[in-house]
Protein chains: 2
Amino acid sequence: MSVKYILLGILSWNPSSGYEIKKEVEHKGRELGWGKISYGSIYPKLKELEKDGFIYCYEAQENGRLNKVYDLTKQGWDELQIWLSELPSYPVIRDELLMKLSFWKPSFLTYNNQLINHLEKRKEESLQMLDHLKEWETNEVSMITDVAALSMDYLKLQLNTEIEWIDQTIPRLHENTLTPSKDPNNLLDKALVRKEKMNGQ
Amino acid sequence: MSVKYILLGILSWNPSSGYEIKKEVEHKGRELGWGKISYGSIYPKLKELEKDGFIYCYEAQENGRLNKVYDLTKQGWDELQIWLSELPSYPVIRDELLMKLSFWKPSFLTYNNQLINHLEKRKEESLQMLDHLKEWETNEVSMITDVAALSMDYLKLQLNTEIEWIDQTIPRLHENTLTPSKDPNNLLDKALVRKEKMNGQ
DNA sequence: TTTACCATGTAAAATGTTACATGATTAG
DNA sequence: CTAATCATGTAACATTTTACATGGTAAA
């Protein structure tokens, strides 16, 4: 259902075509908690929202060419407002780096230098995100409302926290100074045995 | 595809039934970046992984009853190891709170006290998450490997950062001391006009 | 004129959830 | 005996991505 509100939200900023919506999401989506979106989602959903009376469509001349531009109807503005006023659900995180950390095994399965690569890549990408946010704050075209600026503050704080964590963690992996595993039921030893047994077959 | 690796990862900790896997994900999933999972995902995927030779199944007596327990084959251990060694993709965030902040409009559409409710609810839920993490670190049953402890450190840092951000933000909303909107193309004024026009119809 | 980008769309596949059916065991 | 929990499963639905088709416009 969230594609619906991404579309309504972006159209509330500015009347747009499907193509422009995609570009907007690509530019700001990751930062603003929208995720990604594809044409296969956008165009059918625009049709559906039009049919349901939340948006309407008109043809507009843009750089010497007729495009289909969508804008909110009264019903669309109302729908957006209602959604904004409803309590947001707690986010579900699906982070492959955290997944891999949580399934990482001592030396019998994996190596710390691979893990360090993972962390260094993550740091680079997060630094890029920070640059992108700063560009966005200082350029001469992007609108940032007072409230949207709060979410950008939030992201900068989270990204800086993440980078600090990586900077503390990599040396600990090099020096092998991690907190020892806690394993009251000896699952790690048992896992090693199970794995060895399979190797034999 | 990520359900596959959640199942392989959990089975690497301990041989389990579908039912036990669900409970494990419910207990730790949100924290460890796995997201949620349903029986409709688990049982068919276990069959598929068995058919593909990554896991095998045996019946085991557990609390006076025969259950279907799965464990990794050699091929399953290898598959998990390969996946762990591959660079993780950057996470896609889909956070309704951030979405709503980014689409929040000045008074003509929304009210700050609703926003404060949203933030207070988020803070409460994040405090609960912190409690849950602490319980998990100190109880006498959960295994936490040295590397998994890193991801728990990460999560605690992020949750604390979030709570601090909320604690700074709520007073700013009460006192109306937000950074003013940046709007070089006057989109906000134009949006107000577009909305009023629709109201008339 | 050809390459790159602008722009709209669809069919099929992938992925996952919801809601239900079914029955065993256990605790009160 | 009955409610709760344990346990396995499936069919229908919802959502979204992938891969493709199609053609216009602009710049080199």
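Within every chain, numbering begins at 1; the chains are lettered A, B, ... in the order of the sequence lines, protein sequences first and strands thereafter.
- Aromatic rings from Tyr5(A) and Trp34(A) are positioned such that their centres are separated by 6.0 Å or more.
- For the pair Gly40(B) and Ser41(A), both in contact range of DNA chain D, the more 5′-proximal nearest nucleotide belongs to Gly40(B).
- By the 30° and 60° cut-offs, the orientation of the rings of His118(B) relative to Trp104(B) is perpendicular.
- Between Glu48(A) atom CD and dT16(D) atom C1' there is a gap of 13 Å when expressed in whole angstrom units.
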Going 5' to 3' through nucleotides 1-7 of chain C and flagging B where a protein heavy-atom sits under 4.0 Å of the base, S where only the sugar-phosphate is that close, and - otherwise, we get -----BB
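- A heavy-atom distance below 4.5 Å is not found between the side chains of Glu96(A) and Pro91(B).
- Rounded to a whole Å, the CD1 atom of Ile42(A) is 14 Å from the P atom of dT10(C).
- Across the protein-nucleic acid pair, Lys45(A) atom NZ and dT16(D) atom C1' stand 10 Å apart, rounded to whole Å.
- Across all non-hydrogen atoms, the minimal contact from Ser142(A) to Pro184(B) is O-CD, 3.6 Å.
- For the pair Tyr58(B) OH and dT8(D) P, the computed distance is 13 Å after rounding to whole Å.
- Between Ser38(A) and dT17(D) there is a side-chain polar atom (N or O) within less than 4.0 angstrom of OP1 or OP2.
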Can you list, pair by pair, the side-chain donor-acceptor contacts under 3.5 Å of residues 48-61 of chain B, counting residues two or more places apart and other chains?
none

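- Within 4.0 Å of Lys4(B), counting heavy atoms only, lies no atom of the nucleic acid at all.
- Residue Leu46(A) contributes atom CG, which lies 16 Å from atom P of dT15(D) at whole-angstrom precision.
- Remark: Lys105(B) does not engage Asp146(A) in a salt bridge, criterion side-chain N to carboxylate O under 4.0 Å.
- Taking atom CD of Glu59(A) as the reference point, atom C1' of dT8(C) lies 11 Å away to the nearest angstrom.
- In this structure, CH2 of Trp34(A) is placed 20 Å from P of dT15(D), rounded to the nearest angstrom.
- Under the side chain to side chain donor-acceptor pair (under 3.5 Å) criterion, Gln168(A) pairs with no residue, sequence neighbours left out.
- Backbone-only engagement by Lys47(A) is indicated by non-hydrogen atom pairs under 4.0 Å involving sugar-phosphate atoms exclusively.
- Looking at which nucleotide of DNA chain D each of Ile37(A) and Pro44(B) is closest to, the 5′-most match is held by Pro44(B).
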